[in-house]
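Below you'll find the structure, written out as structure tokens, and then a few comments.
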Amino acid sequence: MVRTRFAPSPTGFLHLGNARTAIFSYLFARHHGGKFILRVEDTDRERSRLEYEEEILKDLRWLGIEWDEFYRQSDRFEIYRSYVEKLLQEGHAYPCFCTQEELQREREEAQKRGVAYRYSGRCRALSPQEARKMMEGGKSYTVRFKVPDGRNVVFEDLVKGYISINVDDFGDFVIVRSDGSPTYNFVVVIDDALMEISHVVRGEDHIPNTPKQILIYEALGFEVPKFAHLPVILGEDRSKLSKRHGGVSVKAYREEGYVSEALFNYLCLLGWSAPDDPDREIFSKEELIELFELKDVNSSPAVFNRDKLRWMSGVYIREVLPLEEVASRVLPFLKDAGYDVGDTEYLKRVLEHTRDSFDTFSEAVDRLRPFFVDEFEIPQELMGLLEDMRSLEVLNLFLEKLKESKPSSVEEVKRLARTIQKELKVKPKEVWHTLRIALTGALEGVGIDILIALLPQESIEFRIKRVLDRVS
RNA sequence: GCCCCCAUCGUCUAGCCCGGCCUAGGACGCCGGCCUUUCACGCCGGAAACGCGGGUUCGAAUCCCGCUGGGGGUGCCA
């Protein structure tokens, strides 16, 4: 049984790198008909916040990632304690009374001498009696894991291949802090073992932790899972994607109105392509579940490209999502902008003609404004343009014809425009530009024929009369 | 510094494992054209890459070594 997990720490918003890790982990589990587990790693009491946990869950749901089991490490401290006890008793761990200041000094010294720092193992030499005495004396201590000398830990990584690390590179490491809380490298092993995680899928920044964890698995007699370390996602400057790059949280894209399926799809393409059809880029979640394999993930880091994500969001809006779906997703954005949207039939008719002109829902807000908002300013230079054209005649005649014919299709609107053109002997452009400025207050935007065909008659009349008043 | 990972167009990638089919394919972006009442959309076309140096071989983007470059780690963070 394949069981994978995603284990975020609630110290910030879910960012794109972690989101992709979650997606790959999820896809791998689903592909193999296995379970996907969500585990909140909040052992660092200082930095963990419940509100971040809530945001992360919200983002995962938005992305369409559903989990089968949920755990929170802060609920499991009792379990961890019993395993610390075991390691202590069996001589795999020992209490360490060194203060942070002492350690800091040692670290600086090592740096000065230009050698790699590792903990000296000083407290390893303490006899049980001495240790007990110091504890009873109220001296605070951490618990360290005893790292065996000279071992070369080798493991097969599902995306990187064989990785070999000599444990002499690091000293005895802390598994329980002086405040009694367990550390990541320890609890991750206990949880992955107890939750029977078969495949640990995570970012490659965890590679150096892996040998430490394998040592603990062995000390506790647990079966070692398979590991898959995904290459990190880089910002435009090729450093690891982080807050300072801006726009790296899933939340930001959700709020900007990107299509969630597009973000899911795009993130999959960062380091993965379909083996049988590598040129294909648009995949539904179901198709990805069908096709995804860790062996097809490539091992080099990828730079995140916002332009391509934007493009893909647009593809989903104009080609993938049903019209109904586009309507219901854009609706909250229009309402937030204060538009009086009216009935959804109108919105759907509008979108039918305009969905191919925006890539995100926040862009739709600007693009669709003329369909919903009568009040707008016409810039001075455009008023000037109107005066240069025979706009008075055009608008007056248009208003007159509009009342007679009440055009409600693009074809009828075009016919009407042609009539005006002929009667007034003006160029087509002059008619369209005049109407565009009067009806939208801009020189570019949605098709004006569509706008006239769909916009309520009162709105058209209102806007045109207003211009007429100003020009004359 | 030390340890680990990585290396094809600006970016994401296919090809690499199992050398010849590669005159290195696709996508985003960019440039040009077409469509057109504008901006988009769409369609057509274009510029754009095997990091460098050595091997191995009849033949290397593909295999080996070195260099360089990039990334990650080096915590009582995860």
Side-chain angles (χ1 to χ4, degrees), chain A residues 7-12 18 41-44 46-48 96 98-100 103-104 107 110-111 113-119 140-144 157 159-161 163-166 168-170 173-179 181-185 187-188 202-211 229 231-232 234 236 238-240 266 269-275 277-282 298-312 314 318-319 354-359 363 367 414 417 427-437 440 442-449:
Chain A
S9 63
T11 55
N18 291 142
E41 308 225 316
D42 56 349
T43 56
D44 184 350
E46 299 272 305
R47 300 196 306 147
S48 299
C96 169
C98 298
T99 64
Q100 298 212 45
L103 297 172
Q104 185 58 32
R107 209 170 287 132
Q111 177 130 40
R113 295 217 320 270
V115 294
Y117 171 76
R118 48 180 290 216
Y119 174 62
S140 79
Y141 64 97
T142 61
V143 177
R144 283 183 188 269
D157 189 279
V159 337
K160 302 266 185 189
I163 296 177
S164 160
I165 295 174
N166 194 302
D168 287 343
D169 294 337
F170 44 84
F173 54 92
V174 172
I175 59 173
V176 181
R177 298 185 187 89
S178 50
D179 70 355
S181 63
T183 64
Y184 165 76
N185 274 121
V187 295
V188 74
R202 69 210 327 184
E204 71 176 336
D205 42 335
H206 286 289
I207 289 177
N209 289 324
T210 308
H229 288 99
V232 290
L234 272 25
E236 306 280 349
R238 302 205 68 92
S239 68
K240 188 177 161 188
Y266 172 74
L269 261 31
L270 249 32
W272 177 87
S273 61
D277 191 3
D279 291 345
R280 188 169 158 207
E281 300 195 293
I282 305 296
N298 63 281
S299 51
S300 53
V303 174
F304 172 71
N305 186 292
R306 198 188 298 221
D307 282 335
K308 184 142 186 179
L309 170 60
R310 171 173 287 274
W311 165 79
M312 192 170 280
R318 57 185 172 265
E319 292 172 25
T354 56
R355 67 192 307 198
D356 60 2
S357 66
F358 50 86
D359 293 328
E363 263 177 64
R367 189 76 182 178
K414 282 186 169 160
K427 288 184 191 144
K429 272 195 178 180
E430 210 154 340
V431 176
W432 292 115
H433 280 331
T434 300
L435 289 171
R436 175 175 297 283
I437 295 170
T440 70
L443 260 186
E444 51 189 54
V446 291
I448 220 68
D449 46 2

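What's counted below: heavy atoms across the whole structure, side chains too, no hydrogens, waters or symmetry copies.
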Interatomic distance at C1', B:G51 relative to B:G69, whole Å: 7 Å
Proximity to the side chain of A:L270 - top-ranked nucleotide from B:C5, B:G73, B:C12: B:C12
Sugar-phosphate, base or nothing in reach of A:T11, heavy atoms under 4.0 Å: nothing
Proximal nucleotide (of B:G72, B:C28, B:C76) relative to the A:R107 side chain: B:C76
Who pairs with B:C28 - Watson-Crick or G-U, where each distance is under 3.5 Å: B:G10
Neighbour count >12 (heavy atoms, 6.0 Å) for atom OH, A:Y141: no
Side-chain (A:R355) to main-chain (A:E319) donor-acceptor, under 3.5 angstrom: no
A:D157 side chain vs A:H229 backbone, donor-acceptor pair below 3.5 Å: yes
Separation of B:G71 C1' from A:I207 CD1 (nearest whole Å): 11 Å
Among B:C6, B:A14, B:C28, the one nearest A:P301 by side-chain distance: B:C6
From A:N298 atom CG to A:K160 atom NZ, the distance as rounded to the nearest 0.5 Å: 9.5 Å
Minimum-distance nucleotide (side-chain atoms of A:I163 versus B:C6, B:C5, B:C12): B:C5
Interatomic distance where CG belongs to A:N305 and P belongs to B:C9 [whole Å]: 15 Å
Side chain A:R202, main chain A:E204, donor-acceptor under 3.5 Å: no
Touch class at under 4.0 angstrom, heavy-atom based, for A:G447 against every strand present: base
Side-chain donor/acceptor of A:S178 to base of B:C76, under 3.5 Å: yes
Pairwise P distance, B:U62 and B:C50 [rounded to whole Å]: 12 Å
Donor-acceptor contact present, side-chain A:T183 to main-chain A:V174, <3.5 Å: yes
Span that lies between the C1' atom of B:U74 and that of B:C18, in whole angstrom: 39 Å
Closest nucleotide among B:A40, B:C28, B:C76 to the A:D356 side chain: B:A40
Separation of B:A78 P from A:R47 CZ (nearest whole Å): 7 Å
Base paired to B:A61 (Watson-Crick or G-U; both N/O distances under 3.5 angstrom): none
Touch class at under 4.0 angstrom, heavy-atom based, for A:T43 against every strand present: sugar-phosphate
Reported NZ-to-CG distance for the pair A:K240 and A:D205, which is rounded to 0.5 angstrom: 4.0 Å
Value in whole Å for how far the P atom of B:U37 lies from CD1 of A:I448: 13 Å
Whether A:W311 stacks on the six-membered ring of B:C28 base, 5.5 Å and 30° limits: no
Within 6.0 angstrom of A:E46 CD, more than 12 heavy atoms from elsewhere: no
Side chain A:Y184, main chain A:D44, donor-acceptor under 3.5 Å: no
Span that lies between the C1' atom of B:A48 and that of B:C12, in whole angstrom: 15 Å
For B:C18, the Watson-Crick or wobble partner whose two distances fall under 3.5 Å: none
For B:G66, the Watson-Crick or wobble partner whose two distances fall under 3.5 Å: B:C52
Shortest side-chain distance from A:R238, nucleotide among B:C3, B:G70, B:A40: B:G70
Candidates B:A7, B:A40, B:A14 - which lies nearest the side chain of A:N298: B:A14
Integer angstrom distance from the P of B:C21 to that of B:A60: 11 Å
C1' atoms of B:U8 and B:G1, separation to the nearest Å: 33 Å
Per-nucleotide protein contact string for nucleotides 63-68 of chain B (B base, S sugar-phosphate only, - none; heavy atom under 4.0 Å): ------
B:U36 versus B:G20 - spacing of their P atoms, nearest Å: 48 Å
Sugar-phosphate only, base, or nothing, as touched by A:N166 at under 4.0 Å among non-hydrogen atoms: nothing
Selected nucleotide, minimal atom distance to A:R436 side chain, candidates B:G10, B:U37, B:G71: B:U37
Nucleotide paired to B:A47 in any strand shown, Watson-Crick or G-U, under 3.5 Å: none
CG-CZ distance between A:L443 and A:R436, expressed to the nearest 0.5 angstrom: 7.5 Å
Minimum-distance nucleotide to A:K414 side chain [options: B:U37, B:C6, B:C76]: B:U37
Residue whose closest nucleotide on RNA chain B lies nearer the 5' end, A:P275 versus A:R318: A:P275
Interatomic distance where CG belongs to A:L309 and C1' belongs to B:A27 [whole Å]: 14 Å
Side-chain donor/acceptor of A:N209 to base of B:A78, under 3.5 Å: yes
5′-ward residue of the pair A:T142/A:V232 relative to RNA chain B: A:V232
Euclidean distance, atom CD of residue A:E41 to atom C1' of B:A78 [Å, nearest integer]: 7 Å
A:L270 to A:V303 - nearest heavy-atom pair and separation: CD1-O, 4.2 Å
Under-4.0 Å side-chain N/O to phosphate OP1/OP2 contact, A:S273 with B:A14: yes
Donor-acceptor pair under 3.5 Å, A:R355 side chain vs B:C41 base: no
Whole angstrom value for the distance that separates C1' of B:G26 from CG of A:D279: 4 Å
Gap separating the CD1 atom of A:I175 from the CG atom of A:N185, nearest 0.5 angstrom: 10.0 Å
Assigned partner base of B:U74, Watson-Crick or wobble definition, under 3.5 Å: B:G1
Touch class at under 4.0 angstrom, heavy-atom based, for A:H229 against every strand present: nothing
Separation of B:C76 C1' from A:F173 CZ (nearest whole Å): 13 Å
P spacing across the pair B:C63 / B:C6, given as an integer number of angstrom: 13 Å
Among B:G71, B:A78, B:C76, the nucleotide that comes nearest once only the side chain of A:R144 is considered: B:C76
